[in-house]
Engineer: 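Have a look at this one before I ask anything.
All of these numbers come straight from a predicted model, not from anything done at the bench. Note that these values count all heavy atoms, side chains included, but never hydrogens, waters or copies made by symmetry. In listed order, ligands and their atoms are each counted from 1.
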Amino acid sequence: MSATQEHRSLLGRRTVVAAVGAAGAAAALTACGGGSDDAGGSGTVEQPGSGGEKQGGAVLAATADIPEGGGMVFAAQKVVVTQPKPGEFKAFSSTCTHQGCAVKDVSAGTITCPCHNSTFDAATGSPTGGPATQPLPAREITVEGDSIRLA
Ligand code: FES
């Protein structure tokens with residue numbers, strides 16, 4: 001008699017374990033599906049496609065906004081636009097190549113990162129001082145009339 005009770009008890013326990021196992025597997029499958037969807041989505045983000053389809057990317061600024069010998073940092077786009085010579089506009093990533101802070105100030109032909117004072121040439125993005133040793137990567141812009149667009 002007691003053997004039968006033990007057998008039932010074991011059966012019950014097995015059933016519970018199996019149910020939990022199935023739920024766990026389902027949860028794992030769901031998690032995996034979500035993860036792979038995220039990876040696929042992030043890999044295809046190249047162009048925002050909001051407006052400006054005909055003429056490249058969105059308008060960043062007017063040429064008059066960028067001071068000669070200086071520049072402007074566009075935090076949302078993570079880009080810094082400079083005007084090293086009158087009428088000549090350059091753009092670089094605003095992410096410092098030292099430890100990833102956003103560069104902040106552009107003046108007298110120099111882009112400066114506030115975190116550890118790395119400096120970069122506003123015409124080329126090359127490091128000119130501080131701990132950064134790699135140049136700021138160039139970003140493509142187009143100037144049409146008095147509009148500067150991110151390509
Ligand atoms: S992160 Fe820019 S100087 Fe260190």
Side-chain angles (χ1 to χ4, degrees), residues 12-151:
R13 219 177 282 159
R14 276 195 192 138
T15 305
V16 170
V17 169
V20 169
L29 280 174
T30 305
C32 283
S36 63
D37 280 356
D38 287 349
S42 67
T44 55
V45 178
E46 272 293 319
Q47 291 190 331
S50 59
E53 300 136 12
K54 281 185 176 178
Q55 301 174 323
V59 172
L60 263 184
T63 53
D65 295 338
I66 313 299
E68 284 180 25
M72 263 181 98
V73 177
F74 298 88
Q77 292 84 3
K78 296 186 175 170
V79 63
V80 53
V81 178
T82 64
Q83 186 178 186
K85 292 179 187 167
E88 181 183 285
F89 296 92
K90 303 277 183 169
F92 307 96
S93 164
S94 64
T95 303
C96 181
T97 55
H98 176 229
Q99 286 184 357
C101 286
V103 299
K104 199 159 191 174
D105 178 62
V106 189
S107 63
T110 298
I111 303 167
T112 304
C113 176
C115 285
H116 314 97
N117 288 319
S118 283
T119 54
F120 302 89
D121 188 313
T124 64
S126 298
T128 55
T133 57
Q134 298 298 311
L136 296 174
R139 294 285 301 269
E140 213 174 308
I141 51 169
T142 56
V143 181
E144 293 169 6
D146 63 356
S147 295
I148 300 173
R149 290 175 185 275
L150 204 51

Engineer: Compare every heavy atom of Val106 with every heavy atom of Ala122, then report the nearest pair and how far apart it is.
Structural biologist: CB-CG1, 4.3 Å
Engineer: Considering only heavy atoms of Cys101, which atoms of ligand 1 have at least one such atom less than 4.0 Å away?
Structural biologist: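 Counting atoms of ligand 1 from 1, those under 4.0 Å from Cys101 are 1 (S).
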Engineer: Return the minimal non-hydrogen interatomic distance between Thr95 and Leu136, and the atom names on each side.
Structural biologist: O-CD2, 3.5 Å
Engineer: Hey, which N, O or S atom on His116 ends up closest to atom 4 (Fe) of ligand 1?
Structural biologist: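 The His116 atom nearest to atom 4 (Fe) of ligand 1, restricting to N, O or S, is ND1.
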Engineer: Using a cut-off of strictly less than 2.8 Å, determine whether Cys96 has an N/O/S atom near atom 2 (Fe) of ligand 1.
Structural biologist: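 Yes.
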Engineer: Do any N/O/S atoms of Cys113 come under 2.8 Å of atom 4 (Fe) of ligand 1?
Structural biologist: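 No, Cys113 does not qualify, because none of its backbone or side-chain N, O or S atoms lies under 2.8 Å.
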Engineer: Restricting to N, O or S, what is the name of the atom of His98 that lies nearest atom 4 (Fe) of ligand 1?
Structural biologist: ND1
Engineer: Among Ile141, Val81, Thr142, find the one that has a side chain to side chain contact (heavy atoms under 4.5 Å, CB included) with Leu150.
Structural biologist: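 Filter result, single survivor: Ile141.
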Engineer: For atom 3 (S) of ligand 1, find the nearest protein heavy atom and state the residue, atom name and distance (0.1 Å precision).
Structural biologist: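 Minimum-distance protein heavy atom for atom 3 (S) of ligand 1 reads Ser118 OG, 3.2 Å.
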Engineer: Among protein heavy atoms, which sits nearest to atom 1 (S) of ligand 1, and what does the distance come to when rounded to 0.1 Å?
Structural biologist: Gln99 N, 3.2 Å
Engineer: Tell me if a side-chain donor or acceptor on Arg149 pairs with a main-chain N or O of Gly57 at a distance below 3.5 Å.
Structural biologist: yes
Engineer: Side-chain contact test, heavy atoms from C-beta onward, threshold under 4.5 Å: evaluate it for Thr97 versus Thr133 and give yes or no.
Structural biologist: no
Engineer: Given the rule in the disulfide (SG to SG under 2.5 Å) test, do Cys113 and Cys96 qualify, once you have shown the distances and angles that lead to the verdict?
Structural biologist: CA-CA 7 Å; Cys113 176; Cys96 181; 3.7 Å; no
